[in-house]
Amino acid sequence: MPHVFRESGKPTLETTMGGQKILRELTTQETNSLTKILSDMVLPEADKQQPIGLLVTHIIAAKQALVNYEQWLGLRQQRRKIAAN
């Protein structure tokens, strides 16, 4: 289950994706969105789960896209080295 904590004074999301632990510092916008949802006194706790879940899903998807891109760059670099030899 994802949770947020402060690391070096900065809000950080921790979750697991594909068996791999992910730590990601939240942006100011993400922190503000999360704070807005959590501080809404009119919205029942159960109804807060969906927008929080969507926010966390967005963060995880962005992180996975970055990981995929970095892996692709690494493979491309390896192929160029092999082709150069």
K.L.:
In terms of heavy-atom contacts, does OH of Y69 have more than 12 from other residues, nucleotides or ligands at under 6.0 Å?
P.N.:
no
K.L.:
Consider side chain to side chain contact (heavy atoms under 4.5 Å, CB included). Of I52, D47, L54, N32, which one does I37 pass it with?
P.N.:
I52
K.L.:
Closest heavy-atom contact between E30 and E25?
P.N.:
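Between these two residues, the closest heavy atoms are OE1-O, 4.3 Å.
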K.L.:
Which of these passes side chain to side chain contact (heavy atoms under 4.5 Å, CB included) with L13: L55, L26, T31?
P.N.:
L26
K.L.:
When you check the gap from the basic side-chain N to the acidic O, do K10 and E7 get nearer than 4.0 Å?
P.N.:
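Result for this pair is no, no salt bridge flagged.
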K.L.:
Between I22 and K63, which heavy-atom pair has the shortest distance, and what is it?
P.N.:
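Nearest pair, atom of I22 first, then K63: CG2-CG, 3.8 Å.
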K.L.:
Taking atom CD of Q64 and atom CD1 of I59, what is their separation to the nearest 0.5 Å?
P.N.:
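Answer rounded to 0.5 Å: 14.5 Å.
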K.L.:
Would V67 end up clustered with L23 when hydrophobic side chains under 4.5 Å apart are linked, directly or stepwise?
P.N.:
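The answer is no; the residues belong to distinct hydrophobic clusters.
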K.L.:
Once rounded to the nearest 0.5 Å, what's the spacing between atom CD of Q78 and atom CG of L73?
P.N.:
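Nearest 0.5 Å value for the CD-CG distance: 11.5 Å.
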